[in-house]
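All remarks here apply to the structure that follows.
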Amino acid sequence: MSRRRTDPILDDLTEPQREAVTYGEGPLLVVAGAGSGKTRVITRRLACLVGQGVPPDRILAITFTNKAAEEMRRRVESLVGAGATVKTFHSFCAWLLRRGIPHLGRDAGFSIYDRTDSLRVVRQIVREMDLDRDTYQPARLLDRISMHKDSLEGPEQCVREAIGFYEQTAAEVYRRYDERLAENNALDFDDLLFKTVELFRTRPEVLQQYQKSYLHVLVDEYQDTNLPQHLIARALQGRHRNITAVGDPDQMIYTWRGARLENILEFEEDFPGAHVITLERNYRSTANILHAASVSIGFNTLRRQKVLWTESAPGEPVHVLEFEDPYAEAEWLGDTVAEMFEGGVSPREVAFLYRTKYQSLPLEDALASRSIPYQVVDTVGFFDRKQVKDLRGYMQLLLNSSDEEAFLRVVNVPSRGIGKKTLERLRGIARRDGKPMLVTARNASALEELGTRARNALAGFCELYERLASLKCDSIFAFLKQLLRQTAYMQSVPEEDREDVQEVLNYFLSYAKQYDRRSPGGDLLGFVEQTALISDVDGWNTGASAVPLMTLHSAKGLEFDVVIITGLNEGILPHQRALEENPYGNEIYALEEERRLFHVGMTRARKRLYLTHSSTRFIMGREESVSPSRFLQELPQEAVQRESSRPALESEDPAVQFARQAQEVVHRKRTLRAPGRTGSVLQVVDGSAQNGIANGARVVHASYGEGVVVGVESAGKHQMVRVAFSQHGVLTLLLSAR
DNA sequence: TAAACCGTTGTTTTT
DNA sequence: CAACGGTTTA
């Protein structure tokens, strides 16, 4: 069984990677640590299956984000050509339900609601039920609804099982919410999964059809699957049981979306006979970065033991810096990256990562003032813009006349004199007649109780609707242009906003153009569905040579030469909400998720990693002092270098200067107190040679426990040892100089 | 009855 | 500091 000399699918793989890629039939779990070639393994496996003669259209690959799906499709196509189905869970379910949902008594032309849409519905219900908005916060209620759906708990069950007044009320909100969505013929994100499970459960013949059509199912990022996703994956593996799950429990960062660590931790129980391959060698980062990341994640208790190792050089230490406030932080980083770019570093290779979206603001200022091109990778931002939602609202309503959220969104945009009172009355009539508001508005006789002015205004809107409905366009782009013209959208925009609005519209139009090009024959429904399920904006601004700015969550799966993580403060990372009580479990669990998030961030870096924090932050406009993140204290001293940020002293107010210097003194004390000497982190118990540690020496590590040295080499002024720990396996450690 | 205005409120992460 | 909701004004 010798391989051909040049095999693009297998040649550059290591042994464990190759084993995963070529593994035969039956369930397979690949536990792949950060930077261990996870994406490579799953793509190559798919390509390998095709190479072995599995028809591509009988392979289903599922990813978490559209971007990951696109990337995988691109890579597979370059290896073995097109044909495999690569989708996200949500887009797969949407596609499936367009055909299958009539089995559940629902219409296939459903709208897909995003969180904003859903929130509007909940708000309306809270109003109708006359509930106190502080006690029954719509966002909280929606979170609860989402949690229930993620646990496959329907509204009836919740109403039945609710204990106490609050829960009963919340369950009633859920019941009405679901009812309203059904009336609007709409599904929210959770429904896409929930209904698919329901369809599989109640219609075995439908499930069978999909089980037959897919011979292999591959799921990426398995650690982030929630219960419905886990069940869908299990259902689809069918009789052949050819499921490949790839993931890393240490990168599970979506508990709030229902992700269950158990899905991957207990994989062998759910898929009996599953083969498990663990990829622990990291190819991405320098030894210092990897060491810091490993020690950090080692503080977690809820994990599947796994020790990452590397043969890379130690590289630079991890840079840790403290600043006065987020603006000083951003300014210094602005200067630093500007220097890097002068030195020839590509802006694409430097990423700014942060915990929360609002942290991008000071960074944006700093970069903009230095004319450094940057791109905020805001996952929903663009599709959440008012203008985009308006246009989408029109399209949604054209596709689904029952969609009242869409109706309410666009009926008075641009403003045509249809106000709150008119709509309230129209809703009343619609409810009484049991018809959607749009249908009611089109029925002139139903409107007799309305005033002439309101009636004329509504008639005008209906006329517009008819005109739009009868448009014949050969592309989405052309349709959108017509839509803008027919609605006279721009005319209603105030002069001073025109430029901004036009810019947003242009982006949207060019997005539509791309859609036209990529999916010829694609219809309105396909376009609206895609924009509803979109999760990242790469589609409308690719190729730009700009510094990416993004949240730690959206950084997962990416890698950069230089990574800068800002705001390493208590209350930010770990986030305040994780330190308080939370609805998912206890605080330790939430804290560990924050640590995983930090781990994800650190392991994005190939060569250089900056971790910055500030002594004050601005919270709701107020300045407040904050302490450094506990995650920084947990880092191994030998892989970290604390640097001073050297602000411009001459321009500094003496009082501010004093405060900063005092801070520095405190900081220095803390650093000295921390274990800096080799002995305190890694203690030699037995067998040390005269110049340090020798092979075979027995050692004790502060966080890994006991181990035996299996390799020693010097790396510049540092010494690197490979230690086989009894609990954690073999690990490469970097010792600080004596 | 609709649009402009103003004060209050409250900010995790995203398919 | 932005978005929302309620209040005032036209």
Side-chain angles (χ1 to χ4, degrees), chain A residues 62-69 87-94 112-116 118-120 123 126-127 133-134 137-140 143 146 149-150 187-194 221 224-226 228-229 252-259 353-359 361-362 377-381 383-384 386 412 414-425 450-454 457 492 494 529-537 550-556 567 571-580 582 584 590 593-594 596-598 600-601 617-622:
Chain A
I62 297 180
T63 60
F64 252 75
T65 63
N66 294 289
K67 196 167 94 202
K87 285 179 182 290
T88 64
F89 263 112
H90 288 86
S91 64
F92 174 73
C93 291
I112 297 172
Y113 280 4
D114 63 17
R115 190 177 162 88
T116 316
S118 297
L119 211 49
R120 282 170 68 121
R123 279 207 195 98
V126 168
R127 251 195 308 270
R133 248 191 312 280
D134 291 331
Q137 292 170 17
R140 273 278 168 87
D143 285 343
S146 179
K149 290 188 178 184
D150 289 343
L187 300 182
D188 64 20
F189 286 143
D190 300 311
D191 284 336
L192 293 173
L193 308 170
F194 196 168
E221 308 280 15
D224 285 322
T225 52
N226 60 23
Q229 288 165 333
M252 198 285 268
I253 54 178
Y254 286 107
T255 298
W256 50 275
R257 228 170 60 192
L353 310 182
Y354 37 77
R355 176 68 234 264
T356 61
K357 272 193 248 181
Y358 67 79
Q359 290 174 258
L361 296 174
V377 181
D378 187 346
T379 44
V380 279
F383 289 92
D384 231 18
K386 182 182 180 300
N412 201 32
S415 130
R416 33 179 93 85
I418 303 170
K420 229 169 81 182
K421 267 269 141 60
T422 309
L423 291 173
E424 237 163 65
R425 284 189 193 150
L450 261 58
T452 334
R453 220 169 73 180
S492 67
E529 181 164 307
Q530 196 181 97
T531 57
L533 297 175
I534 206 80
S535 76
D536 64 59
V537 286
M550 67 187 98
T551 62
L552 288 163
H553 279 89
S554 36
K556 196 173 62 167
I572 302 176
L573 182 64
H575 193 271
Q576 193 59 42
R577 297 281 280 262
L579 301 172
E580 294 159 1
N582 66 83
Y584 302 107
E593 178 143 330
E594 298 291 306
R596 288 194 291 267
L597 203 45
F598 182 46
V600 167
R617 71 188 265 219
F618 300 99
I619 185 160
M620 289 185 218
R622 213 195 226 102

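Just so you know, these numbers come straight off a predicted model, no measurement behind them. Proteins come first, then strands; the chains are lettered A, B, ... in the order of their sequence lines, and each starts at number 1.
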Looking only at dT14(B), dT12(B), dC4(C), the nucleotide nearest the R123(A) side chain is dC4(C)
At what distance, to the nearest 0.5 angstrom, does CG of L187(A) lie from NE2 of H90(A)?
-> 11.0 Å
Can you check whether F194(A) reaches P228(A) side chain to side chain, under 4.5 Å on heavy atoms?
-> no
Would you indicate, yes or no, if dT14(B) has its OP1 or OP2 atom less than 4.0 angstrom from a side-chain nitrogen or oxygen of R257(A)?
-> no
If dT12(B) has a Watson-Crick or G-U wobble mate with both distances under 3.5 Å, name it; if not, just say none.
-> none
Gap between atoms CG and C1', on D188(A) and dT15(B) respectively (whole Å) | 11 Å
Write down the distance between CG (L119(A)) and P (dT15(B)), rounded to a whole number of angstrom.
-> 17 Å
Of the nucleotides dA3(B), dT12(B), dA2(B), which one has an atom closest to the side chain of K421(A)?
-> dA2(B)
Hey, what do you get for CZ (F92(A)) to CD (Q229(A)), rounding to the nearest 0.5 Å?
-> 12.0 Å
R127(A) CZ - dG6(C) P separation (whole Å) | 7 Å
From the candidates dA2(B), dT15(B), dG5(C), the one with an atom nearest any side-chain atom of T65(A) is dT15(B)
Starting at atom CZ of F189(A), determine the distance to atom C1' of dT15(B), rounded to an integer number of angstrom.
-> 5 Å
Reckon Y358(A) touches a base, only the sugar-phosphate, or nothing at all at heavy-atom distances under 4.0 Å?
-> nothing
Is a donor-acceptor pair below 3.5 Å formed from side chain R355(A) to base dT13(B), judging by atom type as modelled?
-> yes
Rounded to the nearest angstrom, tell me the gap between atom CE in M252(A) and atom P in dT13(B).
-> 18 Å
Side chains of Y254(A) and E221(A): closer than 4.5 Å at any heavy-atom pair?
-> no
Starting at atom CZ of R577(A), determine the distance to atom P of dG10(B), rounded to an integer number of angstrom.
-> 12 Å
Decide, applying a 5.5 Å centre-distance limit and a 30° plane-angle limit (both strict), whether W256(A) stacks on dT13(B).
-> yes
Which of the following nucleotides, dT13(B), dT15(B), dT1(B), is nearest to the side chain of T422(A)?
-> dT1(B)
Nearest-nucleotide pick for K357(A), side chain only, options being dT12(B), dA2(B), dT14(B) | dT14(B)
Closest non-hydrogen atoms of F189(A) and R115(A), given as atom of the first, atom of the second and distance, are CE1-N, 4.5 Å
Reckon S91(A) touches a base, only the sugar-phosphate, or nothing at all at heavy-atom distances under 4.0 Å?
-> nothing
Measure from CZ on R425(A) to P on dA2(B) and round the result to the nearest Å.
-> 9 Å
Out of dT13(B), dA3(B), dT12(B), minimum distance to the side chain of H575(A) belongs to dT12(B)
Could you tell me whether the phosphate oxygens of dT13(B), OP1 or OP2, come under 4.0 Å of any side-chain nitrogen or oxygen in S554(A)?
-> no
Does the pair D191(A)/K149(A) count as a salt bridge with the N-to-O cut at 4.0 Å?
-> yes
By nearest nucleotide on DNA chain B, pick out whichever of L193(A) and A139(A) is the more 5' one.
-> A139(A)
Compare side-chain N and O positions of N412(A) against OP1 and OP2 of dA3(B) and report whether any pair is under 4.0 Å apart.
-> yes
Between CD of Q229(A) and P of dT14(B) the distance, given in whole Å, is 16 Å
Closest to the Y254(A) side chain: dT14(B), dT1(B), dA3(B)?
-> dT14(B)
